[in-house]
Amino acid sequence: MSYGFFDDKQREYVITRPDTPLPWINYLGCEAYFGIISNTAGGYSFYKDARLRRLTRYRYNNAPFDFGGRYIYMRDNDSGRFWSPSWEPTQDKIEKYSCRHGMGYSIIGSTFERIRAETLYFVPLGENLEIWQLVVTNEGKKPRRLSVFSSVEFCLWDAQDDSTNFQRNFSTGQVEIDRGVIYHKTEYRERRNHFAYFACSEKLAGYDTQRDVFLGAYRGWDRPAAVERGRSFNSEAHGWAPIGSHHVKLSLKPGETRRVIFVLGYHENPVSGKFDPPGSQTINKRSVKPTIAKYLKPAAVDAAFESLRAYWDRLLGLYQAKTPDRHANRMVNIWNAYQCMATFNMSRSASFYESGIGRGLGFRDSTQDLLGFVHMVPERARERVLDLAATQLESGGAYHQYQPLTKRGNNDVGSNFNDDPLWLIVGVAAYLKETGDWSILDVPVPYDNKPGSESLLYEHLGRSFRYTLDRLGPHGLPLIGRADWNDCLNLNCFSDTPGESFQTTTNKEGKVAESVFIAGLFVLAARELAEIAKRRGSTSEVQTYLKAAARMEETVLAQGWDGEWFLRAYDDSGRKVGSRECDEGKIFIEPQGFCVMAGVGLGDGRARKALDSVNKMLATPHGIILQQPAYSKYYLHLGEISSYPPGYKENAGIFCHNNPWVMIAETMLGNGDRAFDYYSRINPSAREKISRIHRCEPYVYAQMIAGRDAPTYGEAKNSWLTGTAAWNYFAITQSILGIRPTYEGLVVAPVVPGSWKGFTVSRVFQGVRYDIRVSRKGKGNSVKMTVDGRSVEGNLISRPTAGITSVAVQVTLS
Ligand code: GLC
Ligand code: GLC
């Protein structure tokens, strides 16, 4: 059963029926102004921070699930019938519905009684506003007299406060209406210097700004009183719930098409110039009016849309692959890269599963996300690295997250996740390899944003390294702290009080429970750091890092090996977690993937053994399960992991984030068939045909797919904002297709399926375009190469001489 199709040429997913199993969404905006939009025009917008600067209101976990958004109503003024071209909220029997989710835009429309109405939604580059361009066509033979009503519900800025503090908020709402533009200015009278505006290109027949007047008492968005009667009330909001709605009348001859443009935006004034005239309470609109006027003109909208398309052409053009697998092509060339940019912009803050309130930019999450977007936006990646590092603590530890608007770290979802600091090394290494920008290491960066505490970014990395060594447990393995990558393996929590957060509760001292996963991550990070130190000429540090990595590797082999696979951890009583000795949770995916990625067990066959155990015990047709057997009950000493019913989330769900670790590990052992097989199992495009089971969007990865212990085995949840995006992108582009940036140049080391006859990759690396053509002559992975016609030893393409901007590479695999 399908709900749409991929239009790869347009880089769109086209949804052909509105009742998708879940809202299938897209993101608008790629700089500072953002929105999420579902296939029925649900969603909301914000400036920089989904919690602190929310422009429009959205009620999560609604019934229906997705309700509230950028709704347009159409009305036939002769028959009095009205409908929503986006299906929601009126749910009429529209025809030829389609939602085209593209790169930074969505076009949603349908036909109803011979009126085609389609709206393009997007955010122009460089602007803090969104455009809704409605195109209405009379496809019938009679002239038609129509009304158009727009609607948004304003959020009173702080989304948390907006959804809880009603005793105050019902009295604070304020608007201004000036020449048809609706200005939302709640709290502008006091400490805010920003406001929202909602404008329309056409002469208005009326407007509304008070929700309950527009809708009518006891009515919902499915039949607003103003729309039903065909005339706005010209209401002005004082308190309660400010909204914006314009009413436009259109007369259309047969075959005639009209465009109506709406602009919803955010604007800031200097504090000293908030009011006009000074001393009044009226918003100073001088600096915003030209922007509004500009985007109400069709030519400006067309030009802005063209620029947006060109922006994505450029970003996606940086890495294009042609392989025998269309699902891989589509993900690599379009959707996976696009999703990586969404995780860059949102981290884990705002999706249909992340409320925009709870989690800002995560230290661990965003450093990993770097792997997926650094080649597309290197300058912004640089800023991100420095922002993240500035939230690091002097101890070397890290706040788990920070708020994008303030860039200040907080402990809202806990602290002392002992893996956190090491990810900074992984992220910085990826940044350096991609950009060659060594100057970043010499930037003075504060700790906890405290002026005066600055040290070089390079020194921050050293602190991350020492943080682990300062916290070793009884077996010489890293102490786990609150948790490691697996937020839910809470070995020091021991919570038996309902409602306590597993991430902020600690009832044990934390001196015993150790993580084999962190050990693997440490080996990898310490070796990366040694490579960096080497290139800075710090020979003694190189030795320190390499020795520590070697010692940790020995410790893992001695204390972290269970016979057939790597252990997961030692708990607070020193008992094994993830061992054949356990009744449940005998084997976990994380240390198998990560230890092998770090090179542990490569020399003595243990890596192969561990990965074969994964294949035997964890791999399913829907992806690789996190651990088995699932925990059938709550274990006080294990924490949140055992709080989930079997098969969901960290309790034996298919956590897509760490599947690519196993793919990468398989490529390190030369097994391209298995790596690609795992890749395909969770590839959303390859799962499109089972949309009924999968339920989430077929064009982006979800955080998890229910495992085989779950009654809803195969069902995805939490799409979009997940480390799955970056890691799968990394696995397919750098490990399977094997085109990798390194300090010395681009390496070509494909580990692809034996059945592939070849593939091509066109990749820009440090300003040079490499057109790489790989053909298979034999079954193996050994590479013979010519670069611009000259044969080259090994698999490294060194930097071309200055001035050369494109290089042709022929590779044979045998
Ligand atoms: C979520 C978190 C991530 C964590 C993972 C496993 O995806 O965002 O930080 O590593 O869950 O618990
Ligand atoms: C819960 C989720 C986990 C997430 C964490 C952070 O534990 O299960 O995936 O990372 O919350 O808030």
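Whatever order the structure lists them in is the order used to number ligands and atoms, beginning at 1.
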With a cut-off of 4.0 Å, which atoms of ligand 1 are near a heavy atom of [X]?
{"X": "Glu650", "result": "6 (C), 11 (O), 12 (O)"}
{"X": "Phe655", "result": "5 (C), 6 (C), 7 (O), 11 (O)"}
{"X": "Asn486", "result": "12 (O)"}

Point to revise | Residue-ligand contact Asp365/ligand 1, heavy atom below 4.0 Å | key: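 A heavy atom of Asp365 does come that close to ligand 1.
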Check your understanding: Among Gln703, Arg348, Gln401, Met704, whose heavy atom sits nearest atom 1 (C) of ligand 1?
Key ->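 Residue with the shortest heavy-atom distance to the ligand atom: Gln703.
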Point to revise | Sequence neighbours excluded - salt bridge (charged side-chain N to carboxylate O under 4.0 Å, His left out) pairs with any residue from residues 388-409 | key: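 Non-adjacent pairs meeting salt bridge (charged side-chain N to carboxylate O under 4.0 Å, His left out): Glu383-Lys407, Asp387-Lys407.
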Point to revise | Pairs touching residues 583-598 that satisfy salt bridge (charged side-chain N to carboxylate O under 4.0 Å, His left out), sequence neighbours left out | key: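 Listed once each, the pairs are Arg568-Glu590.
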Review point. Purely on distance, is any nitrogen or oxygen of His400 under 3.5 Å from one on ligand 1?
Key: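 Such a contact does not occur with ligand 1.
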Check your understanding: Any N or O on His657 sitting closer than 3.5 Å to an N or O of ligand 1?
Key ->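 Among all N and O atoms of His657, none is under 3.5 Å from an N or O of ligand 1.
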Check your understanding: Going by atom types alone, do Arg687 and His327 pair a side-chain donor with an acceptor below 3.5 Å?
Key ->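 Not at all, the side chains of Arg687 and His327 share no donor-acceptor pair under 3.5 Å.
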Review point. Do Arg708 and Gln628 have a side chain donor and acceptor closer than 3.5 Å?
Key: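 Yes - a donor-acceptor pair under 3.5 Å links their side chains.
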Review point. Does a salt bridge link Asp571 with Lys508, judged by any charged N lying under 4.0 Å from a carboxylate O?
Key: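 Looking at Asp571 and Lys508, the cut-off is not met.
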Exercise for review: Would you please test Ile682 and Tyr701 for side chain to side chain contact (heavy atoms under 4.5 Å, CB included) and show each step?
Suggested key: CA-CA 8 Å; Ile682 61 166; Tyr701 287 97; 4.2 Å; yes
